[in-house]
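Before any comments, here is the structure.
Both ligands and their constituent atoms are indexed starting at 1 by order of listing. Computed over heavy atoms, backbone and side chain alike; hydrogens, waters and symmetry mates excluded. What you see is a predicted model, and the numbers here were worked out from it, not measured in a lab.
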Amino acid sequence: MSAASKQLLCSLTADEVKTWVAAHGAPAFRASQILDWIYKKRIITPNLMSNLPPDLRLALSEDFICVSSVIESEVAAGDGTSKLLLRLRDGEAVEMVIIPAPDRMTFCLSTQVGCPVQCRFCASGADGLVRNLDAGEMVEQFFHGCAKIGGLPDNVVFMGIGEGLLNFGNLEKAIRLLCDSEYVGFGARRITVSTSGFVPGMRQLADLGRQVNLAVSLHAADDATRAALIPDKLRYPIREILDACEYYREKTGRMITFEYTLIDGINDKSGDAEKLAAIAKRMHAKVNLIPYNQTTADFHRPPDKVIRNFQAILERCDIQVTLRMEKGSKVSAACGQLRAKHASGEHSKQE
Ligand code: SAH
Ligand code: SF4
C-alpha cells in the first residue's frame with residue numbers, strides 16, 4: 001500500500017477493522033481488541049498493543065499510518081492554558097489548545113490547515129485554505145491532548161484553525177468516532193462546533209440529529225458591519241444564518257451560542273450591543289464575547305470600559321453572556337496565531 005493511500009489508524013471504523021482482521025486470517029475477536037486499543041485506551045502505536053500477536057502488530061504498522069503528527073512545540077501560559085503546535089505528516093502544522101478551568105477541562109481542535117473564509121481579523125485565514133484535515137487527524141489531536149492531561153477532557157470545541165463545516169465529511173466522521181459508544185464514547189453534548197455562519201453546513205449538521213452544540217461567530221448585528229470583517233465569498237446574510245439557527249434548534253433541541261469578537265470602533269458600540277441583544281433574545285441564544293486578540297495592525301481590542309459596557313447592555317436585556325477570559329493571550333491563543341508565527345519564522349524552528 002502506498003503511503004498516500006494509507007488510512008490513519010485512528011480513523012478506522014469498526015467495519016474496516018473487522019474486514020482488515022478477516023483479510024489477515026486472524027480471529028474476529030482481534031478486531032475488538034484493536035478497536036479497544038485505539039479508541040478506549042487511545043494507543044495508536046501497534047507495538048504497544050500488548051495482547052496482539054507480533055505479526056498482527058507489524059501488519060497494522062505496515063498497512064496504516066499510526067502516529068501521524070508530532071508535538072513540535074508547546075507553549076504554556078501561567079493560567080494553565082497550553083497550546084500544542086502539531087506537525088503533520090506532510091509538513092503542515094495545526095494547533096490544539098488545552099484549556100483548564102476550575103470546573104472543567106476543554107480541548108480546542110482544528111479542522112483545517114488554514115481557512116478559506118479568510119476573516120480579516122483572523123490569523124488562520126491569512127493564507128486561505130491549505131488543506132482539509134481528515135477525521136483521524138482531528139481524533140489524533142484529541143488523543144495528544146488526552147495524553148497530556150492523562151485522561152479525557154470534559155469538553156471539546158472545534159474552534160481551532162479552520163471552518164469545520166466546510167470540511168463536513170471529515171468533521172462528521174470525527175464527531176462519530178468521538179461520540180459513538182463503540183469508539184471513544186464521548187458525550188455529544190460536550191462537543192461544540194463553531195462556524196463563521198456557513199449556512200449549508202449548519203443545516204447539514206442539524207440533519208445529523210446529534211446533540212452537539214453549535215456556536216455561530218456572528219460578530220455583528222447587521223450585514224454591513226459583518227461585511228467589514230468577513231469577505232463576501234463565504235459570508236451569508238444574517239437573516240439566513242438566523243433561519244439556520246432556528247432549524248438547528250428545532251432539529252437538535254440545543255441552544256445556540258453567538259460568538260462575538262469585539263473589535264475597537266467596528267462592532268463595539270452600545271447600539272451594536274442592543275441589536276445583538278434583540279437577536280439573541282429572539283433566538284434564545286447565549287452570547288460569548290471575545291475581546292479581539294491582536295493579530296493584525298488593522299484591528300484593535302476595545303478599551304476594557306467599552307467591553308464591560310457592551311456586556312452590561314446584554315445582561316440588562318437578560319441575555320446569558322460570557323466574557324471569554326484572556327486565556328492564553330500570552331501564548332498566541334487567538335485562532336491560528338501560533339501556526340502563523342511558525343510559518344513566518346518568528347519562532348526558532350523553521351518549516
Ligand atoms: N471558523 C470557525 C471556528 C474557528 S475560529 C469560526 O469562525 O467560528 C473560532 C473563533 O475565534 C471565532 O469566533 C473567531 O472569530 C475567533 N477569533 C479568531 N481570531 C481571533 C482574534 N484574533 N481575536 C479574537 N477572536 C478571534
Ligand atoms: Fe476561518 Fe474562523 Fe478564522 Fe474566520 S475566524 S478565518 S472562519 S478560522
Side-chain angles (χ1 to χ4, degrees), residues 83 94-97 99 106-133 138 141 156-168 171 174 191-199 201-202 205 212-220 225-236 241 244-245 256-264 266-268 276 285-302 307 310 322-341:
K83 186 168 214 172
V94 289
E95 304 164 4
M96 75 89 47
V97 189
I99 310 161
T106 303
F107 288 174
C108 175
L109 309 184
S110 295
T111 57
Q112 296 181 310
V113 181
C115 180
V117 184
Q118 300 196 280
C119 300
R120 296 190 176 92
F121 56 86
C122 173
S124 298
D127 301 319
L129 177 69
V130 178
R131 71 167 173 87
N132 283 327
L133 293 183
M138 296 182 217
Q141 290 173 56
V156 168
V157 295
F158 287 96
M159 263 181 211
I161 299 174
E163 169 55 51
L165 295 183
L166 284 166
N167 181 16
F168 193 85
L171 176 66
I191 293 182
T192 299
V193 172
S194 177
T195 176
S196 59
F198 180 61
V199 166
M202 291 166 67
L205 190 68
V212 298
N213 304 296
L214 184 64
V216 179
S217 293
L218 204 59
H219 307 319
T225 306
R226 245 182 141 246
L229 299 173
I230 308 178
D232 289 353
K233 57 177 177 167
L234 288 164
R235 191 187 66 252
Y236 282 76
I241 293 174
C245 288
I256 304 283
T257 300
F258 289 129
E259 288 166 282
Y260 196 100
T261 298
L262 273 167
I263 304 179
D264 188 30
I266 305 272
N267 61 2
D268 61 346
L276 176 62
K286 298 181 272 190
V287 172
N288 187 5
L289 295 176
I290 317 165
Y292 182 61
N293 207 337
Q294 188 134 6
T295 58
T296 119
D298 299 343
F299 298 108
H300 303 277
R301 181 194 151 108
I307 296 171
F310 201 96
T322 50
L323 179 59
R324 196 188 283 179
M325 299 297 284
E326 287 283 283
K327 285 235 175 229
S329 60
K330 291 196 201 76
V331 295
S332 313
C335 189
Q337 273 178 268
L338 193 62
R339 174 178 168 269
K341 274 189 188 169

So which of Leu166, Thr261, Val117, Asn293 gets nearest to atom 22 (N) of ligand 1, if we judge by its closest heavy atom? Asn293
Just jot down the ligand 2 atoms closer than 4.0 angstrom to any heavy atom of Gln118, in number order. 6 (S)
Nearest-0.5 Å distance, OG1 of residue Thr257 to CG of residue Leu218: 12.0 Å
To the closest 0.5 Å, what do you measure between OG1 (Thr261) and CG (Leu229)? 8.5 Å
Below a 4.0 angstrom heavy-atom separation, can you tell me which part of His219, side chain or backbone, both or neither, approaches ligand 1? side chain
Residue among Asn267, Leu276, Leu323 satisfying side chain to side chain contact (heavy atoms under 4.5 Å, CB included) with Phe310: Leu276
As a quick check of understanding, evaluate side chain to side chain donor-acceptor pair (under 3.5 Å) for Gln294 and His300, giving each step before the final call. CA-CA 6 Å; Gln294 188 134 6; His300 303 277; 3.3 Å; yes
Decide whether the shortest distance between a heavy atom of Gly160 and an atom of ligand 1 is less than 4.0 Å. yes
Close-contact set for ligand 1 against Glu163 heavy atoms, below 4.0 Å: 1 (N), 2 (C)
Ligand 1 atoms nearer than 4.0 angstrom to some heavy atom of Ile290 are 13 (O), 24 (C), 25 (N)
Under 4.0 Å to a heavy atom of Val117 - the qualifying atoms of ligand 2, by number: 7 (S)
Output the list of atoms in ligand 1 that are nearer than 4.0 Å to some heavy atom of Thr195, sorted by atom number. 6 (C), 8 (O)
Measuring from atom CG of Leu165 to atom CG of Leu234, what distance do you get when rounded to the nearest 0.5 angstrom? 11.5 Å
Could you tell me, atom by atom, which parts of ligand 1 come under 4.0 Å of a heavy atom of Gly162? 1 (N), 2 (C), 3 (C), 4 (C)
Which of the ligand 2 atoms, numbered from 1, are nearer than 4.0 Å to a heavy atom of Ser196: 7 (S)
How are the rings of Tyr292 and Phe121 set to each other: parallel, tilted or perpendicular (split at 30° and 60°)? perpendicular
Does Glu163 reach the side chain of Gln112, with side-chain heavy atoms less than 4.5 Å apart? yes
Any nitrogen or oxygen of Cys122, side chain or backbone, less than 3.5 Å from one on ligand 1? no
For the atom pair OG1 (Thr322) and CG (Leu289), what is the distance rounded to the nearest 0.5 Å? 7.0 Å
Between atom 4 (Fe) of ligand 2 and Cys119, is there an N, O or S atom separated by less than 2.8 Å? yes
Identify, by atom number and element, the atoms of ligand 1 in contact range of Glu259, meaning under 4.0 Å from any of its heavy atoms. 10 (C), 13 (O)
Would you please determine whether Ser217 falls within less than 4.0 Å of ligand 2 on a heavy-atom basis? no
Under a 4.0 angstrom heavy-atom cut-off, which atoms of ligand 1 come close to Ser196? 6 (C), 7 (O), 8 (O)
In Å and rounded to the nearest 0.5 Å, what is the OG1 to CG distance from Thr111 to Asn132? 8.0 Å
Test your reading of the structure: does Tyr292 have an N or O sitting under 3.5 Å from an N or O of ligand 1? no
Any heavy-atom pair between the side chains of Arg120 and Pro231 that's under 4.5 Å? yes
